[in-house]
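First comes the structure, then the notes that go with it.
Residues: numbered from 1 along the sequence shown. Keep in mind the model is a prediction, meaning the values are calculated, not measured.
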Amino acid sequence: MLSSVILISAIIFQTAAAIFALLLIPVTGKRFAWIMISAALILMDVRRIMAFLILKIKIPTLITALVYSNDAIGLLLSIFMLIGVSGILTIFSDIKKSGENKIRTVFDQTFEFIGLMTTDGILVDANKAALKSAGVEESAVIGKPFWETPWWTHSKILQDKLKAAIKDAARGKFIRFEATHPTKDGGLITVDFSLKPVFDSFGKVVLLVPEGRDITDRKTLSMELQQQKLLNESIINTMINGVIAVENSGKVILLNKRFNEMWQIPVEILNTNDVNKYITYALKNLKHPGKFLDGIRELYLNKEKKNRDEVEFKDGKIFERYSTPLKDIDGLCYGRVWFFRDITEQRKMEAEIQHRLLFEETIGQIAKQLSAIDFFEIDHWVQDSLNVIGEFLGADLAYIYLFSDDGTIMRCNYKWLANSSCAKPPQEFPKNSFSLLNVILKNNGSVQIHDVSELNETWEKEKQIWENENIKSIICVSLTIQHKQIGFACFGSSCKKIAWSGAEVSLLKTIGEIIVAALIRKKAGEELDHLAKFDALTNLPNKHTFEMMLDKTLAFSYRHNLQFALLSFDLDNFKDINDTHGHDVGDELLTEVGNRLSASVRAEDFVARVGGDEFLLILAGISSAQNASDIANKILDSFKQEFQLKKQSLAISASIGIACFPDHGKNKEELTKNADVALYKAKNAGRNCYRVFAE
């Protein structure tokens with residue numbers, strides 16, 4: 001029973017082995033060898049079956065046949081097995097050879113430079129890449145010390161370094177460094193070189209494997225990238241704008257030096273690279289922190305949005321802020337870039353330009369007003385101009401001092417005070433009280449004092465006056481007519497220190513010129529008005545002025561039921577004096593007559609020269625004709641004394657006619673006519689007397 005089980009198991013396993021041998025045919029390609037082995041295995045099964053039959057069958061002739069057949073099968077089995085095993089042996093040889101070929105192929109086809117050397121540095125093998133890089137045949141390098149090969153002949157320093165590296169590698173140390181190697185065309189390449197020790201089963205170093213990788217392109221690219229990085233950093237750090245790039249998480253990935261300079265964030269906060277901490281620090285310095293935060297939130301909610309606005313600081317700084325999304329190569333927003341430009345000076349300049357334009361417009365309006373007003377309104381115009389310009393400049397007081405005709409006194413002709421608390425400038429000063437100021441104004445045309453309290457001792461007089469007036473800052477411009485200084489205009493502040501700009505100073509000089517033009521016009525107007533209203537010789541009111549005064553006196557007397565007298569005055573024989581002594585003497589005499597008439601009447605009376613030697617007088621507020629007669633007698637008595645002229649003395653008498661309102665006339669024509677009638681009566685009475693009009 002046991003023998004049968006063993007027999008059946010052997011047959012099964014040998015059959016399986018035969019089938020497996022056949023399955024190896026497509027793998028190994030040794031078809032004949034594997035068929036022989038498979039046939040041998042099957043024959044083994046046949047022999048076992050025949051042996052089993054020989055033992056079981058008792059027929060001699062059949063047994064003999066089976067025995068001979070079994071021997072024949074055994075012979076065939078031996079032959080088939082020998083043939084198959086021979087074929088298999090070639091398989092292992094081919095496998096070994098194929099493996100060696102594959103290893104060599106890999107060894108030669110790798111782009112890296114690989115070799116084998118002994119522990120004392122003798123090169124025993126090198127791959128094609130290594131040989132090709134040096135442009136040599138295998139025979140030129142194999143069996144030679146590595147430092148004598150073409151790879152290492154260009155540098156004594158590098159050769160010494162290699163020898164030291166081989167010694168270290170022979171002791172089991174892994175060595176790696178970069179080196180430059182010559183190429184067959186005379187160039188140099190950069191190689192990432194290493195020496196790897198190879199150990200036997202006992203841990204002894206038996207070989208060294210030199211490996212090299214051409215990293216010239218990588219090195220060049222790395223250097224280019226490094227240079228580009230340095231260039232980019234240099235460009236970014238030399239930008240006039242502050243730049244910061246922030247990821248969506250709030251991590252700062254880039255910022256330049258200008259950003260640090262602009263925002264002045266402490267180093268310990270900068271080093272956190274946390275933009276939220278940057279913002280927390282910056283908010284305390286901002287004028288509108290809420291607006292700043294709202295702008296940031298809106299942009300992070302709208303990641304694709306770009307934005308440009310301005311950031312104002314408490315200290316007056318203004319930054320222009322521009323933001324744009326930061327995108328990856330797929331176009332996805334992963335953060336933001338912020339650019340900050342300091343536009344403080346630009347805004348100041350724009351404000352100054354706007355201020356200047358507005359100032360120029362104001363000055364233009366003032367000049368236009370001057371051209372439209374009459375000369376008698378100029379005083380009021382100057383006052384208004386001081387007010388407008390003072391407020392525009394931020395001053396709270398302004399005044400104009402003009403020199404007296406002899407140049408010794410300065411009088412405050414115009415002044416403006418913003419409020420009652422401002423100190424009022426003194427009405428008069430000796431000119432030498434502002435001696436230094438006047439010298440500088442004469443030379444420069446203007447003086448600006450930012451802080452009066454800081455003036456040195458050379459300004460002692462001016463400083464004392466200004467401090468007494470509680471002036472903290474002041475600016476003065478010269479008032480000049482034909483290179484002659486006639487005074488100065490000043491604008492000051494008693495509540496704050498002001499540094500006026502150069503443009504404001506320049507425009508104030510223009511204002512000074514306009515004021516001078518106004519004063520010239522006023523003087524010319526007054527002179528023309530005086531000529532129109534007063535006699536050029538005696539400086540007494542002329543006929544036109546007299547008539548205006550007579551109209552006013554009539555109206556006033558009607559309204560208040562008052563009396564007044566009109567006196568018609570004429571010199572006796574004045575023509576003889578002109579003919580005898582000449583018109584110059586006559587004119588001089590008329591001037592003195594006018595002076596004597598003015599001195600003989602009351603302050604409320606009115607004296608006018610209406611032509612030649614004719615004068616008219618209005619005696620206001622008299623109670624009767626007798627009052628007029630008394631004044632007439634006083635006048636005649638004054639003429640009893642000779643007139644002392646420049647070259648001689650002359651005696652002359654006069655005649656006077658009197659007409660009283662309302663008794664002798666109720667209008668201008670009647671009074672004038674009746675006064676002349678009374679004068680003729682005095683002439684006819686022998687002259688040197690007066691007569692009252694009587695119907």
Side-chain angles (χ1 to χ4, degrees), residues 529-575 590 593-640 652-695:
D529 185 65
H530 188 81
L531 289 174
K533 295 180 179 180
F534 292 85
D535 176 52
L537 179 62
T538 63
N539 206 31
L540 291 173
N542 58 18
K543 184 176 182 181
H544 173 72
T545 305
F546 169 78
E547 289 179 350
M548 292 176 60
M549 187 63 185
L550 183 57
D551 288 338
K552 291 179 180 180
T553 304
L554 280 167
F556 186 81
S557 298
Y558 266 121
R559 187 178 305 115
H560 298 285
N561 195 26
L562 297 176
Q563 297 184 62
F564 71 91
L566 176 62
L567 276 62
S568 180
F569 175 95
D570 185 79
L571 292 175
D572 296 332
N573 302 316
F574 176 71
K575 184 176 181 302
L590 287 174
V593 168
N595 293 336
R596 194 167 291 186
L597 282 174
S598 298
S600 299
V601 298
R602 302 165 301 172
E604 63 268 26
D605 296 333
F606 185 83
V607 180
R609 181 189 176 212
V610 295
D613 60 337
E614 298 177 21
F615 296 83
L616 291 174
L617 291 80
I618 298 175
L619 307 181
I622 62 172
S623 57
S624 64
Q626 184 58 46
N627 293 139
S629 298
D630 294 340
I631 294 174
N633 277 324
K634 183 180 179 182
I635 292 172
L636 294 175
D637 288 342
S638 69
F639 275 70
K640 292 178 180 179
I652 192 169
S653 61
S655 300
I656 301 173
I658 302 173
C660 295
F661 173 85
D663 295 338
H664 305 145
K666 295 183 179 179
N667 57 51
K668 179 171 61 176
E669 289 74 15
E670 289 180 353
L671 284 173
T672 303
K673 176 184 176 182
N674 292 336
D676 286 339
V677 170
L679 174 62
Y680 290 137
K681 288 183 178 181
K683 291 284 188 180
N684 293 330
R687 296 184 173 84
N688 194 24
C689 63
Y690 72 88
R691 290 290 184 268
V692 177
F693 176 80
E695 294 185 10

Exercise for review: Nearest 0.5 Å please: distance from the CD atom of Gln626 over to the SG atom of Cys660.
Suggested key: 10.0 Å
Study note, to complete from the structure: Here the pair of heavy atoms bringing Phe546 nearest to Ala608 is CB-CB, 3.8 Å
Check your understanding: Taking side chain as C-beta onward, heavy atoms only, is Leu616 less than 4.5 Å from Lys543?
Key -> no
Practice item. Evaluate the side-chain proximity of Ile631 to Asp605: yes if any heavy-atom separation is below 4.5 Å, no if none is. Key: yes
Review point. Tyr690: what forms a ring pair (Phe, Tyr, Trp, His ring centres under 6.0 Å) with it, not counting sequence neighbours?
Key: none
**Study point:** Lys666 backbone acceptor or donor facing Glu670 side chain under 3.5 Å
**Key:** yes
Review point. Between Phe615 and Leu540, what is the shortest heavy-atom contact and its length?
Key: CE2-CD1, 3.8 Å
Practice item. For Lys533, look at atom NZ and say whether over 12 heavy atoms of other residues, nucleotides or ligands are found less than 6.0 Å away. Key: no
Practice item. Grab the two heavy atoms, one from His664 and one from Phe693, that are nearest each other, plus how far apart they are. Key: NE2-O, 3.1 Å
Check your understanding: For the atom pair OG (Ser638) and CG (Leu636), what is the distance rounded to the nearest 0.5 Å?
Key -> 7.5 Å
Review point. With a 3.5 Å cut-off and no angle check, do the side chains of Thr545 and Asn542 form a donor-acceptor pair?
Key: yes
Exercise for review: Starting from the C-alpha separation in whole Å, work towards a yes-or-no answer on salt bridge (charged side-chain N to carboxylate O under 4.0 Å, His left out) for Lys673 and Asp676.
Suggested key: CA-CA 5 Å; Lys673 176 184 176 182; Asp676 286 339; over 6 Å; no
Review point. Which atom pair, heavy atoms only, marks the closest approach of Ala678 to Ile658?
Key: CB-N, 3.4 Å
Review point. For Asn684 and Arg691, what are the C-alpha separation, side-chain angles and deciding distance, and is it a side chain to side chain contact (heavy atoms under 4.5 Å, CB included)?
Key: CA-CA 10 Å; Asn684 293 330; Arg691 290 290 184 268; over 6 Å; no
Review point. Can you name the nearest heavy-atom pair linking Asn667 to Leu554, along with the distance?
Key: C-CD1, 4.0 Å
Check your understanding: Got a donor-acceptor contact below 3.5 angstrom from the Asp572 side chain to the Ala654 backbone?
Key -> yes
Check your understanding: How about Phe564 and Leu671: do any of their side-chain heavy atoms sit closer than 4.5 Å?
Key -> yes
Check your understanding: How many angstroms lie between atom CD of Glu614 and atom CG of Leu679, to the nearest 0.5 angstrom?
Key -> 8.0 Å
Check your understanding: Under 3.5 Å, side chain of Asn633 to main-chain N/O of Asp630, donor-acceptor pair present?
Key -> no
Review point. Would you say the side chains of Ser655 and Asp570 form a donor-acceptor pair under 3.5 Å?
Key: no
Exercise for review: Indicate yes or no for a side-chain donor-acceptor contact from Arg609 to the backbone of Gly594 under 3.5 Å, with no hydrogens or angles considered.
Suggested key: no
Practice item. Please list, chain by chain and in numerical order, all residues satisfying ring pair (Phe, Tyr, Trp, His ring centres under 6.0 Å) with Phe556, sequence neighbours excluded. Key: His560
**Study point:** Side-chain donor or acceptor of Thr672 paired with backbone N/O of Glu669 under 3.5 Å
**Key:** no
Check your understanding: If we only count heavy atoms from C-beta on, is the Lys575 to Asp613 side-chain gap below 4.5 Å?
Key -> no
Revision key, fill the gap. So CG of Asp535 and NE2 of His530: to nearest 0.5 Å the spacing works out to 8.5 Å
Review point. Atom CD1 in Ile652, atom CZ in Arg687: separation rounded to 0.5 Å?
Key: 10.5 Å
Check your understanding: Do you know the tightest heavy-atom contact between Ile635 and Leu597?
Key -> CG2-CD2, 3.5 Å
**Study point:** Side-chain heavy-atom pair Val593, Phe569 within 4.5 angstrom cut-off
**Key:** yes
Practice item. First locate atom CZ of Phe574, then atom CG of Leu590, and finally report the distance between them rounded to the nearest 0.5 Å. Key: 3.5 Å
Check your understanding: Does Ala620 offer a backbone N or O that forms a donor-acceptor pair with the side chain of Arg602 under 3.5 Å?
Key -> yes
